Undergrad: 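Pasting a structure below so you can have a look.
In this text the structure is predicted, and so the values were computed from the model without any measurement.
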Amino acid sequence: MSMAPTNLTTGAEVYTTDGEKLGTVKTIRGDRFQVDAPMQRDYWLLTACVGEASGVGGRVTVTFDKDHLDDSKQEMTEDSR
């Protein structure tokens with residue numbers, strides 16, 4: 001199982017490559033992290049899609065733009081815990 005990038009922390013703000021804020025990191029489990037998304041259901045992304053992470057309370061930039069968010073959402077399964 002791959003682990004989360006070292007600088008990926010709960011509370012960090014999550015942005016796409018085109019600068020759109022997705023929400024904040026709510027939970028990190030194995031190779032996935034949950035985004036606390038305002039005004040919509042929370043969702044999971046793979047830690048592999050993290051391009052940059054600046055540490056505690058910082059900023060996380062994922063490797064896709066907002067138009068590809070739905071393609072990147074993941075299910076949290078027993079295998080991924």
Side-chain angles (χ1 to χ4, degrees):
M1 168 186 355
S2 64
M3 297 306 292
T6 306
N7 291 336
L8 183 61
T9 60
T10 57
E13 295 181 334
V14 182
Y15 290 85
T16 59
T17 55
D18 54 345
E20 292 291 323
K21 184 177 178 182
L22 300 178
T24 58
V25 176
K26 182 174 183 177
T27 307
I28 304 166
R29 289 204 184 125
D31 66 347
R32 290 170 171 75
F33 66 99
Q34 187 176 31
V35 176
D36 183 3
M39 307 298 287
Q40 61 180 309
R41 290 186 65 172
D42 296 348
Y43 53 87
W44 293 89
L45 297 174
L46 289 173
T47 57
C49 75
V50 173
E52 294 180 39
S54 61
V56 177
R59 179 179 174 127
V60 172
T61 303
V62 293
T63 57
F64 55 84
D65 61 26
K66 186 161 175 122
D67 290 341
H68 292 95
L69 172 60
D70 286 338
D71 299 334
S72 301
K73 291 180 180 179
Q74 301 290 309
E75 293 293 323
M76 189 57 154
T77 64
E78 288 300 316
D79 293 340
S80 59
R81 291 178 191 221

Undergrad: Going by side-chain contact (heavy atoms from CB on, under 4.5 Å), Phe33 matches just one of Thr27, Leu46, Thr9, Val25. Which one?
TA: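 Going through Thr27, Leu46, Thr9, Val25 one by one, the side-chain contact (heavy atoms from CB on, under 4.5 Å) with Phe33 is satisfied by Val25 alone.
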Undergrad: Using every non-hydrogen atom in the two residues, find where Val35 and Leu22 come nearest and quote the distance to one decimal.
TA: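 Residues Val35 and Leu22, closest heavy atoms: CG1-O, 3.8 Å.
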Undergrad: Per the side chain to side chain donor-acceptor pair (under 3.5 Å) rule, which among Asp36, Asp42, Thr10 passes with Lys26?
TA: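 The option that passes is Asp42.
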Undergrad: At their closest point, which heavy atom of Lys66 faces which heavy atom of Asp18, and how far apart are they?
TA: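 Here Lys66 and Asp18 meet closest at N-OD1, 3.2 Å.
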Undergrad: Write down the atom of Gly23, the atom of Pro38, and the distance for their closest heavy-atom approach.
TA: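 Nearest heavy atoms, Gly23 then Pro38: CA-CD, 4.0 Å.
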Undergrad: Quick one: do Phe64 and Val14 end up in the same hydrophobic cluster if we chain Ile, Leu, Val, Met, Phe, Trp and Tyr together by side-chain heavy atoms under 4.5 Å apart?
TA: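 Yes, same cluster.
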Undergrad: Nearest heavy-atom pair of Glu75 and Arg32: which atoms, and what distance?
TA: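 That closest heavy-atom pairing would be O-NE, 3.2 Å.
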Undergrad: Are the side chain of Arg59 and the backbone of Glu52 linked by a donor-acceptor contact shorter than 3.5 Å?
TA: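 Side chain of Arg59 to backbone of Glu52, a donor-acceptor pair under 3.5 Å: no, none is there.
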Undergrad: Does Asp70 reach the main-chain N or O of Lys73 with its side chain, forming a donor-acceptor pair under 3.5 Å?
TA: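 Answer holds: no.
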Undergrad: Out of curiosity, Asp67 CG to Thr16 OG1, how far, rounded to the nearest 0.5 Å?
TA: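 Answer rounded to 0.5 Å: 9.0 Å.
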Undergrad: Indicate the atoms forming the closest heavy-atom contact of Leu8 with Ala53, along with that distance.
TA: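 Nearest pair, atom of Leu8 first, then Ala53: N-CB, 4.0 Å.
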Undergrad: Below 4.5 Å, heavy atoms only, C-beta onward: do Leu45 and Leu69 meet side chain to side chain?
TA: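 Touching, per the 4.5 Å side-chain cut-off.
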Undergrad: Could you give the distance from CD1 (Ile28) to CD (Gln34), rounded to the nearest 0.5 Å?
TA: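 Reported value, rounded in 0.5 Å steps: 11.0 Å.
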Undergrad: What distance do Cys49 atom SG and His68 atom NE2 have between them, rounded to the nearest 0.5 Å?
TA: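 That separation rounds to 13.0 Å.
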